[in-house]
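First the structure, in the form of structure tokens, and then the observations on it.
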Amino acid sequence: MTTITPSRRRSPWLFFVGAVVMLAGLLFGYDQGVIGGALHGIEDTFHPSTLVVEIITSWVTLGALVGALVAGSMTERLGRRWSIIWAAILFTIGALVEALAPNTGVMIVGRLVVGFGVGVASMAAPLYAAEMAPARLRGRFVSMYQLAITFGILIADIVDQVLSSGSQWRLMLGLSVLPSILLVLAMFPLPDSATWYLKAGRRDDAAGALRKVRPGEDVQADLDGIAASLGESQATWREVFAARWRAPLVVGIGLAVFQQLTGVNAVIYYSDKIFAAAGFSTPPSRRPPRPGPSAWSTWSRRSSRSRSWTGSAAGRCCSPA
């Protein structure tokens, strides 16, 4: 564990770190939410089969899966900073491909590229925040990512509602380039994390990175603590699956699995069709903003993890979106 000398001074550089985390989460949430409102226009333009609609909707998740798997080695080789920058660039390219797609094949490629960028950012951004933020703020910075995802979904719903009357699906998808460009701009002035610099043998750069975000702290002591943690032996897969860790491992995996089995992602993706089946005749009436997820995330910061997760699952089961 890293030992940090307590300090109450707030560095303005922490604002940029927080902006990076929020923008990365916003990208993820916006991309999840916007497709629900864009599907109607995509179907009117390309007249795809049901299978193609399902692929367009879901393959961003496939791209995110690949991106998340690659992100581990990517953040180690390129660093956290450049991994986030490249993720934002890929997201921008994918969003433009989606918005300008002349057919469904190109649209699917754009969805995959967007998903890959989202997958890389979903790992690199929280990791960067955890390594850059002081210990007393670390949990808050990492949880901001989840809050930003739900905020991104809410923004996507509002955008879909505003643009749905004209079936401007290309603009709906293309607007996601704005937060990705802002993410690149927010990331450029920031250094990489001290942890990565130490792994690369660049102690002076690591000290400079810590001085920016942790003013008034004993930087050398912090570096010694980080170096000591890096020197510890890594656990093997046999140790991970050992009997003494089996119960917490099952609980952790089970929470992730059952959270997805509630079907909340499918509800978000097909919300337009669900509301149409419920009797809402016009596209704007099918896109009511959903402030609920943001409220749940805010409550989870003030309540225990078990209570907030249980409440979230119950809300998803009882709510149409």
Side-chain angles (χ1 to χ4, degrees), residues 19-42 56-61 63-64 67-68 87-88 91 94-95 98-99 111 114-115 117-119 121-122 125-126 142-164 168-169 171-180 182-183 256 259-276 280 283-301 308-309 311-321:
V20 166
V21 179
M22 290 292 291
L23 288 169
L26 189 69
L27 287 177
F28 198 166
Y30 185 87
D31 187 69
Q32 275 193 314
V34 74
I35 192 64
L39 277 180
H40 181 73
I42 293 172
I56 291 173
T57 303
S58 62
W59 274 29
V60 68
T61 307
F91 190 98
E98 285 181 321
R111 295 289 287 168
V114 164
V118 164
S122 68
V142 174
S143 64
M144 282 170 58
Y145 180 78
Q146 182 63 38
L147 179 62
I149 291 176
T150 57
F151 189 59
I153 295 172
L154 175 62
I155 291 177
D157 280 342
I158 295 173
V159 170
D160 286 349
Q161 186 177 25
V162 171
L163 299 179
S164 60
Q168 302 179 64
W169 64 269
L171 183 56
M172 294 178 190
L173 298 176
L175 284 175
S176 60
V177 303
L178 296 179
S180 62
L182 290 175
L183 178 57
Q259 186 181 35
Q260 296 304 309
L261 290 179
T262 60
V264 62
N265 290 340
V267 172
I268 293 172
Y269 294 153
Y270 293 104
S271 58
D272 188 77
K273 295 180 180 295
I274 292 172
F275 281 110
F280 293 88
S285 67
R286 303 173 197 161
R287 305 302 305 167
R290 289 191 298 269
S294 292
W296 281 119
S297 291
T298 303
W299 179 52
S300 69
R301 292 176 58 191
S308 62
W309 186 87
S312 178
R316 288 168 180 168
C317 291
C318 299
S319 173

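For the numbers below, each heavy atom of this structure counts, side chains included, while hydrogens, waters and symmetry mates do not.
Annotation for S180 and F91: closest pair CB-CD2, 3.9 Å, computed over non-hydrogen atoms. The minimum heavy-atom distance between P126 and V142, with the atom names listed, is O-CG2, 4.0 Å. Of all the heavy atoms in A156 and V34, the pair that sits closest is CB-N, 3.4 Å. Closest approach of A121 to A87, counting heavy atoms only: N-CB, 3.9 Å.
In this structure the side chain of I56 reaches within 4.5 angstrom of the side chain of I42, judged on heavy atoms. At least one side-chain heavy atom of I153 sits under 4.5 Å from a side-chain heavy atom of D157.
For L178, the side-chain contact (heavy atoms from CB on, under 4.5 Å) partners two or more places apart in sequence, or in a different chain, are L175. Take S58 and apply the side-chain hydrogen bond (donor to acceptor under 3.5 Å, both in side chains) test, not counting sequence neighbours, and it matches no residue.
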L154 vs T150, test: side-chain contact (heavy atoms from CB on, under 4.5 Å). Steps then yes/no. CA-CA 6 Å; L154 175 62; T150 57; over 6 Å; no

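Rounding to the nearest 0.5 Å places CG of L39 at 10.5 Å from CH2 of W169.
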Pair up each side-chain donor or acceptor in residues 20-31 with any protein partner under 3.5 Å, not counting sequence neighbours, and list the distances.
| from | atom 1 | to | atom 2 | distance (Å) |
| --- | --- | --- | --- | --- |
| Y30 | OH | M172 | O | 2.7 |
| D31 | OD1 | R111 | NH1 | 3.3 |

